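Some notes on the structure that comes next.
Just so you know, these numbers come straight off a predicted model, no measurement behind them. Positions are given from 1 along the sequence.
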Amino acid sequence: MATSSDLLRAPCSLLMATMLLLIVHAQGITRHYNFNVQMANVTRLCATKSIVTVNGEYPGPALVAREGDRVLVRVTNHVAHNMTLHWHGVRQLRSGWADGPAYITQCPMQTGQSYLYNFTVTGQRGTLWWHAHISWLRATVYGAIVILPRHGVPYPFAAPHKEVPMIFGEWWKADTEALVRQALKTGGAPNISDAFTINGLPGPLYKCSAKDTFKLKVEPGKTYLLRLINAALNDELFFSVANHTLTVVEVDAVYVKPFTVKTLIISPGQTTNVLLTAKPFYPKANFYMSAAPYSVIRPGTFDNTTVAGILEYQKPGSHHSVSSFDKDLPLFKPTLPRFNDTGFVTNFTSKLRSLATPQYPAAVPQSVDRRFFFTIGLGTLPCPGNATCQGPTNTTQFAAAVNNVSLVLPSTALLQSHFTGASRGVYGSNFPVMPLSQFNYTGAPPNNTNVATGTKLLVLPFNSSVELVMQDTSILGIESHPLHLHGFNFFVVGQGFGNYDSVNDPAKFNLVDPVERNTVGVPAGGWVAIRFLADNPGVWFMHCHLEVHTTWGLRMAWLVLDGNLPNQKLLPPPSDLPKC
């Protein structure tokens, strides 16, 4: 029989449980993941090959968390390659040791080693992704990161019926590690891919791949949130769904003012959340969801193929679980822009605007402490040891650089060298704040296209506000470069074509509601201006997300110093940080 004290205790314990639940909801919970890096045999395009995967899955498992959660991912390397993983777009506030780029924030995990990536998702919600961050292993080692809003916080748009991650990838029949080794040896460009994929599947437009097609089944009248991720190595992609429109609501895990399009552009490293509303009635048809590359370089030097998935409708009266794909129905295909349609790309990117509401403000730095101007582009290096090679000429090899410095990765990690004060012989702190020699960046290229090599960082005081203009060059041809900054989001305050004009262009900057993101395309033959607050101490990689350009040296790193307060300092390294 219950005593009076039992009855008193019951509501009390209920109150305690409720309070604990509220605290958990406010602070987030800890989520544990085990990622085993292992080989798996996968068959695509009629050929089987052994690929590097996480947990034997291709693409890898989705990592799901809520804003405010702590995430612990134990990664164990069971393959013959060195390995690191990067949590692309996660701010990593004071937790740079968990960021992942090899030789920047950590030495790689060697065969048999494991490392616990430990980070908290702070002030972010939306779609991000994770991928290998060493050599070209991200060709098959990647997956989605889905960050849900805190409990009880709705989306700033009507809740969708269902959420579907769609990851665009790139597939080579050959071993990509052998491919990049060969290219570095010859100084030439690596072979282009054989196919694009959606969630690992090439689909019906490629040889013997109809059975490997991503299909999305929808119900008439319902709205679906597609979480689009471009995990391709070297290709920006147009995406469209035949006879349907897409409403863009978020990019790079930041909400945007919604706008509706038939086709969008998404660069490697970027994510885009779109709402797709199914037709109100059963349409008696199937629809291709297609992606194909955007490139201003000449055809033949990129994979000019199209990947398609199929949008199919649930038949009236049919059961959910019944596979109802009807190949006899008419199949509609979208019309994608021409491969080099820069006008389309500019028109799309200019529509992107931050929500800039009281709940989701756009905290654009209004004043600037440090201004920088970087040239972004290709170049050459002499062939090693007077050999002939397969670069732009037979005496040069392909290279790429930021402000004419092609970054050489050190043999130890930059972050540890900085933290332990052992930077001598590892890196210099003299990265150029502007090009050392100025030229007509988008006009006739200079006669000397050679780049300098080195390991140099650009040092920023804690909390300095930064404005960076990135200028494409015409050396070896103009090209669009998706630049990714680790450890920060930035605001895209302006962009244009030709050479940046420091007198007249800033007057056109948008400092009210510019889009906020972590990866931005430097326009082909143009420039882009970004602003960010250096509020995250550590060493932060910035690089082109076209893997071929990163390999050639289109990469640099920022060193953000500690602030004065305890919560403004980089935390010490974890005890299991891999050693070089």
For [X] and [Y], indicate whether the former's side chain and the latter's backbone hold a donor-acceptor pair under 3.5 Å.
X: Gln270; Y: Ser267; result: yes
X: Asn55; Y: Val37; result: no
X: Asp472; Y: Ile478; result: no
X: Asp252; Y: Thr127; result: no
X: Asp69; Y: Arg66; result: yes
X: Tyr117; Y: Leu85; result: yes
X: Asn510; Y: Val512; result: yes
X: Trp171; Y: Gly200; result: no
X: Glu250; Y: Ala253; result: yes
X: Thr272; Y: Val251; result: no

* Distance, nearest 0.5 Å, that separates CZ of Arg74 from CG of Asn34 -> 7.5 Å
Distance-only polar pair, side chains of [X] and [Y], donor-acceptor under 3.5 Å:
X: Ser135; Y: Glu177; result: yes
X: Glu547; Y: Asn234; result: no
X: Thr223; Y: Thr277; result: yes
X: Tyr288; Y: Thr306; result: no
X: Thr197; Y: Glu170; result: no
X: Asn489; Y: Arg517; result: no

Taking the ring of [Y] and the ring of [X], is the distance between their centroids below 6.0 Å?
X: His545; Y: His481; answer: no
X: His484; Y: Phe541; answer: no
X: His543; Y: His549; answer: no

Once you measure the plane-to-plane angle for [X] and [Y], does it fall in the parallel (<30°), tilted (30-60°) or perpendicular (>60°) bin?
X: His161; Y: Tyr224; result: perpendicular
X: Phe238; Y: Phe344; result: perpendicular
X: Phe239; Y: Phe168; result: tilted
X: Phe287; Y: Phe332; result: parallel
X: His88; Y: His131; result: tilted
X: Tyr313; Y: Tyr282; result: perpendicular

Mind listing the closest non-hydrogen atom pair of [X] and [Y] along with its distance?
X: Leu45; Y: Ser209; result: CD2-OG, 3.5 Å
X: Leu355; Y: Pro258; result: CD2-CD, 4.5 Å
X: Asp303; Y: Ser193; result: OD2-OG, 2.7 Å

For atom [atom1] of [X], decide whether the heavy atoms of other residues, nucleotides or ligands shown that lie under 6.0 angstrom number more than 12.
X: Lys327; atom1: NZ; value: no
X: Lys351; atom1: NZ; value: yes
X: Lys207; atom1: NZ; value: no

* Could you check Phe157 against Tyr155 for ring pair (Phe, Tyr, Trp, His ring centres under 6.0 Å), going step by step and ending with a plain yes or no? => CA-CA 5 Å; Phe157 45 84; Tyr155 294 132; 5.0 Å; yes
Less than 4.0 Å between a side-chain N and a carboxylate O, is that true for [Y] and [X]?
X: Lys173; Y: Asp194; result: no
X: Glu312; Y: Lys215; result: no
X: Lys315; Y: Asp326; result: yes

* Asked: Is it the case that Lys49 places NZ or CZ above or below the six-membered ring of Trp172, under 6.0 angstrom from the centre and within 45 degrees of the axis?
  -> no
